[in-house]
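These notes concern the structure reproduced below.
The chains referred to below are lettered A, B, ... by the order of the sequence lines, with proteins before strands, and numbering in each begins at 1.
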Amino acid sequence: MRVVADRDTCIASGMCMLAAPRLFEQDEEDGRVILLTESIEPSDADAVLKAVAHCPSGALSLLGE
Amino acid sequence: VRADPFAPPDALSELREDQALRRLRYPDGHLGWLVTNHALGWSVLTDSRFSTRASRCPVSDPEKVAALAERGDDPVMSGFLLTMDPPEHTALRRMQTGRFTIQHVSQKQATIERVAESCLDAVEAMGPPVDLIATYAAPLTSLVLCELLGVPSDDRRHFERLTAIRSDPGATADEDQAACEDYRNYVRGVIEAKRADPGDDVLSDIVAREELTDDELAGVALQLFGAGHDTTATQLAMSVFVLLANRREWERLSSDFSMMGSAIEELLRYLTIVPLAPVTRRAREDVVIQDVLIREDECITVSLGTANRDPEKFERPDELDLTRDSSGHLALGQGRHMCLGQHLARLEMAIGLKALMMRFPTLDLAVAPHDVQMRDEAAIIFGPEVLPVTWS
């Protein structure tokens, strides 16, 4: 499983970092999403699913195997 | 009047069970829509085919609206994010989001703790009983806002006055107009001060860019002051109120602050202090949701309170459970207009609750819960007028 972030769409809500702080950070300048890693360990899968589902702008998406 | 001050009005909850998307007649005669469940509320708020340039409110007093309209007081103010659409909205929001990230806000922890402790010193010196809103919730959030925006603490009277008038449905159009005028003059002064002597704050950042007109800058300042104090103050007061009315939950949280994160989300979900008024959108084109056609220019209002008590989304929704996973609630909005200051609000809540519980472990309501005077249903933010508390 991989996660991709569309920084053009991102509104910098920080919801992804709140849900999965090991995988997402907010840009210091304007708060937009920064992916810390693209490939997801199974132990982080739940947190990532939540981050994707709760993203208010639809900037995050999951790609399968 | 609500039977339960913490729950949305029964009539709205019944609509959710009956037909969650239905026609709504607005006070000006417009025939639009009302959404009362979680799934539809979420989809409306995240759908870019709905604009926030609605200029319509489901519960406002039509005579007051008409009086303001005659004076040419356009409710769509420039620089005001909540009345803007992309691409202007996106650009203006990005000028501010860097100051509201989780990392940036967490640097303010010591400041907020200091303000909370000094407010509590004053409360302790005063002795019981006190109104917890006037002595703690309001000064805490207002003084933190003054610190973060780099203005003198005395300035809180300017933004608190307009909020008080806006929260009082009995206020006349003349009073509203006078308070707006005073407030606009105040923020223009603040902007001049930031231009002359920039500080380390979001307003100084935006002034320094020299990209916005003075009217737009005033709108930005209006929004930052307006959205940043009464919202969090009311959420803090309502949280203390519900925890004291459910003493076991107060004790539970006091004895284990590690549940603070989930407790704050649950208090946001359970209390949902934003009533119907501000959550209206307008269809920019014909939109079909759940086989229902919403025509271009029709307004649609989302009831956040009933959405957050939707049993399809949350198990046992009417039960306050501080350790449940309440994520996905709509108390801070959803979509591109989701609360800009949400992480600041969370931090103020966490610090404000913990400091209060540690200082006054025996805190209790000084009146019966049903005797706590609540604001009018038409207020922009719903909560108690005063919260009388005591301790031993």
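Closest non-hydrogen pair, A:Leu18 versus B:Ile102, comes out as N-CD1, 3.8 Å.
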Between these two chains, chain B and chain A, I want each donor-acceptor atom pair under 3.5 angstrom written on its own line with its distance.
from     : atom 1 : to      : atom 2 : distance (Å)
B:Arg93  : NE     : A:Ile11 : O      : 3.4
B:Arg94  : NH2    : A:Asp8  : O      : 2.9
B:Arg94  : NH2    : A:Cys10 : O      : 3.0
B:Thr97  : OG1    : A:Asp30 : O      : 2.5
B:Ile102 : N      : A:Gln26 : OE1    : 2.8
B:Gln103 : NE2    : A:Gln26 : O      : 2.8
B:Asp325 : OD2    : A:Lys50 : NZ     : 2.9
B:His343 : NE2    : A:Ser13 : O      : 2.6

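Of the two parts of A:Ala19, neither the backbone nor the side chain holds a non-hydrogen atom closer than 4.5 Å to a non-hydrogen atom of chain B.
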